[in-house]
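Letters go in sequence order (proteins before strands), and every chain restarts at 1. Values reported hereafter were calculated over all heavy atoms of this structure, with side chains retained and with hydrogens, waters and symmetry mates removed.
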Amino acid sequence: MTERLAPDLATVAAGFGGLLRAAGVPASTERCSRFAAVVALARPVTVTRLYWLARVTLLDRHDQIDVFDRVFASVFGGAEDVAADRGDTAAPKPPPQTRPGARTRASAQPQAGESDVPTPATTVGSPHERDESGRLLVTASVEERLRHKDFAHYTPEELASLRRLVEELRVVAPRRRARRPTAASSGRRLDLRRTLRRSHRTGGDPVRREYRRRRDRPRRIVLLADVSGSMESYSRVYLHLLQGAVRGTGAEAFVMATRLTRLSRALATGHPDVALGRAAEAAPDWSGGTRLGEALKTFLDDFGRRGMARGAVVVIVSDGWERADPSLLGEQMARLERLAHRVVWVNPRSAAESYEPLVGGMAAALPHVDVLVPGHSLHALDDVLAAVRDASRR
Amino acid sequence: MSASPTPPAHPDGRGLERLLPDIATLQDRLAESGYLTDEGLATALFCAVRLPQPILLEGEAGVGKTQAAKSLAQVLGTPLIRLQCYDGIEAAEAIYEWNYPRQLLAIRLAEAEGTHLREADLFGPDYLVERPLLQAVRHQGPRPAVLLIDEVDRADEEFEAFLFELLAEGTITIPEIGTVKAEVPPVAVLTSNRTRDLHDALKRRCLYHWIDYPDVARAAQIIRLHVPSAAEGLTTGVAAAVQRLRSLDLQKPPGVAEAIDWVGALRLLGVTRLDGDLVARTLGSALKYREDLDVALGRGVSWIGTGD
Ligand SMILES: Nc1ncnc2c1ncn2[C@@H]1O[C@H](COP(=O)(O)OP(=O)(O)OP(=O)(O)O)[C@@H](O)[C@H]1O
Ligand SMILES: [Mg+2]
């Protein structure tokens, strides 16, 4: 019976998967055949049952459900009674994600069956695959000339050349000790292989114990860049820095303007230009006004308190010009301060000698900031990196 | 690595077929064990057991993700093997570890006796300490064990790679010994609180189900199961109040567990109905953060208690 059904079922499943893909849900052929398999297994006689069999097999994240519901309703109908069966609809909204279309399969997947410790995610998307069109590489002299120049005064050509350089900068994640709940009695781990080898070499006497050193792990880095109008001359440069950080250390990157947009995925994959194009798409309010407090609240509500900010080094790039009431920003900074290991604020305007953070957002935020650095020039970027790196010594 | 379109059948597939012939039966068995599911969750768990295929469960805190795996093991009558993930977890805690003290002892002994010890002697089954993933592969059946990989998002991304082989092939490779293949692959249940995105390669191998908060009627049923002595009106009153609380902007909206706690506290006071005054006195059982209490009390105790 299953056999006779199979071809039709496979066609229907594949066709439905195709519609989902067209709508932005990446339902792979593997998933489609799983869908066909559970239909054969459970023989649904109601649309609701079919709905669940499809949803369980074809999706892999919560934010695909809305699109899925629409596509399902358009093909099989009866979505209303299905939705009614979906439990408490007063549930809080899921965190916003980058558009489904912006997702790409991560490039370096560890192979199943690999027995050794897999390569850490931080090597995903090697920076060195970048190019031999080396003529664009910034020469030392150019770098020297540009070193102290304010990013805001860069010509488009200088910006283009700078890009290379900023991409090469690796935001260095401070290390933290990997926690081990079952510490060996000595607190360190014995390396048996080496102990044994050594004991053979020395004729077995005496046995010198060899210990493996505990692995240090990098702290998570979260970058939040203000891309509103007042930051326009800096945000392009910092976007490249975000990309370098995402690729180099697996940092999380967000941009803030009238709202918050997560860019980690868009920046982690694909060619830099494509990723930057995607970033611009994903953040349509590229040069609008800033609502820092609200953006930060969204970050904390949707990502931060779920754990992304906990123990992390959070770097905020913004001039602190808040359009809304600064008290919200102050409150949110206080929340952030409680969660994060360290908060670094990069404010290019603070380079000006006359700068004083007396009013508005910056004044509200400052009490909750560990380090304020200007980061307005290549030279000043060193301070940014130092502030991030030093985070382990607090 | 080629994707296998048809996952290996359980050798005891027929037994499972008899035990759980359809979704409704699974739903009934789970309810008998004290776990109430809606059609979606029952369907998801049915597929996980009968395909079989690992399943990833997500949902807000306290919606019953962990309990789903526990109850499934109870229904199957097989062991629940639990791997609780955490920041910094390593293969040695998850898969296997060599028994260093014993190995060292063996080296000493060999030295004392003047015998020669080969590396292969030391890295054999006698010196192996099994951790949950290896235990799950070694499970003898006849029915599959349930392997709960809880809060997998708390482990490092690189740790996920350790799960691929087991989830895809039902095997674990120990370099010194070889590949151990599960005779009866476990039903793998992964849970995540979405503190980060999981690797696509991991998700590709899993069914997916998002567990919503239960609606008021089901929440009341669940509470009744846990606090059977509570008055009917109190149970439904709290179920509705908890749903109202979730519509507020809270740091930690109350889950099923909080609703159960709250009814438990109210029952101790001997009350049979929820009202604003009682809310004011007991809301701390449902909301754990100071800020959340402030937000909720600001909205009004009588609105929380009765809806107006
Ligand atoms: N559907 C249900 N039927 C019966 N009891 C339930 C149900 N859902 C949740 N519970 C009860 O609620 C409590 C919380 O459930 P559980 O610990 O499984 O939640 P969780 O989703 O794993 O939460 P967390 O994300 O905090 O780990 C448990 O005591 C559990 O028994
Ligand atoms: Mg849990």
Side-chain angles (χ1 to χ4, degrees), chain A residues 28 30-31 33-34 37-38 41-42 48-49 52-53 55-57 59-62 65 85-92 95 105-106 109-121 178-182 184 189-190 192-193 195-196 199 204-205 207 209 217 250 265 301 305-308, chain B residues 1 3 5 22-23 38-40 43-44 46-47 50-51 53 56 58 60 87-88 90-91 93 98 100 103-104 107-108 110-111 117 119 122 154 156-158 161 164-165 168-169 173 175 193-197 199-201 203-204 206-210 212-215 218 243 246-247 251 253:
Chain A
S28 64
E30 192 182 5
R31 287 185 182 280
S33 55
R34 234 177 256 158
V38 295
L41 188 66
T48 308
R49 181 65 43 98
W52 286 113
L53 291 169
R55 207 180 106 169
V56 160
T57 47
L59 301 193
D60 68 0
R61 35 193 305 155
H62 179 249
I65 292 174
D85 193 51
R86 263 179 42 193
D88 183 0
T89 42
R105 183 151 296 165
Q109 298 177 353
Q111 295 283 306
E114 216 172 53
S115 53
D116 258 329
V117 178
T119 39
R179 185 155 52 84
R180 283 191 47 85
T182 54
R189 292 189 105 179
L190 203 52
L192 218 21
R193 264 171 245 277
T195 308
L196 185 63
S199 96
D205 188 67
V207 177
R209 298 181 188 199
R217 301 186 319 104
R265 273 187 177 263
D301 286 349
R305 73 161 191 246
R306 287 179 197 283
M308 193 188 279
Chain B
M1 185 182 60
D22 50 36
I23 296 167
D38 57 17
E39 185 169 350
T43 303
F46 177 82
C47 293
R50 288 289 308 275
L51 266 179
Q53 191 77 37
L56 170 64
E58 292 187 337
E60 304 296 335
D87 196 10
E90 289 177 33
E93 282 100 39
W98 293 106
Y100 296 108
Q103 288 174 319
L104 199 64
I107 298 177
R108 286 255 171 77
E111 281 162 12
L117 200 55
E119 202 167 302
L122 273 184
R154 288 172 58 181
D156 307 323
E157 277 173 65
E158 55 208 85
F164 295 158
E165 185 190 359
E169 329 282 341
T173 301
N193 284 323
R194 298 188 303 160
T195 57
R196 63 173 178 81
D197 281 343
H199 209 290
D200 283 345
K203 294 205 289 192
R204 222 181 65 211
C206 295
L207 302 169
Y208 177 80
H209 184 63
W210 171 264
D212 256 322
Y213 288 121
D215 58 23
R218 191 176 306 280
Q243 194 183 38
R246 283 182 202 135
S247 70
Q251 305 235 18

Check: For A37(A), what residues pass the side chain to side chain contact (heavy atoms under 4.5 Å, CB included) criterion, not counting sequence neighbours?
Finding: L51(B)

Next item on the list: Would you mind checking which part of R31(A) comes under 4.5 Å of any heavy atom in chain B, side chain (CB onward), backbone (N, CA, C, O), both or neither?
Entry: side chain

Check: So what's closer than 4.5 Å to chain A heavy atoms on A91(B): side chain, backbone, both or neither?
Finding: neither

Notebook entry, point to check: When you look at E165(B) and T173(B), which way does the side-chain hydrogen bond (donor to acceptor under 3.5 Å, both in side chains) test go after all the steps?
Noted result: CA-CA 8 Å; E165(B) 185 190 359; T173(B) 301; 2.6 Å; yes

Notebook entry, point to check: Can you name the residues that form a side chain to side chain contact (heavy atoms under 4.5 Å, CB included) with D301(A), not counting sequence neighbours?
Noted result: K297(A), R305(A), R335(A), D249(B)

Margin query: Whether R246(B) engages the ring of Y213(B) as a cation-pi pair (distance to the six-membered ring centre under 6.0 angstrom, angle to the ring normal within 45°) should be assessed.
Written below: yes

Next item on the list: Can you tell which part of N193(B) gets under 4.5 Å to a heavy atom of chain A, answering side chain, backbone, both or neither?
Entry: backbone

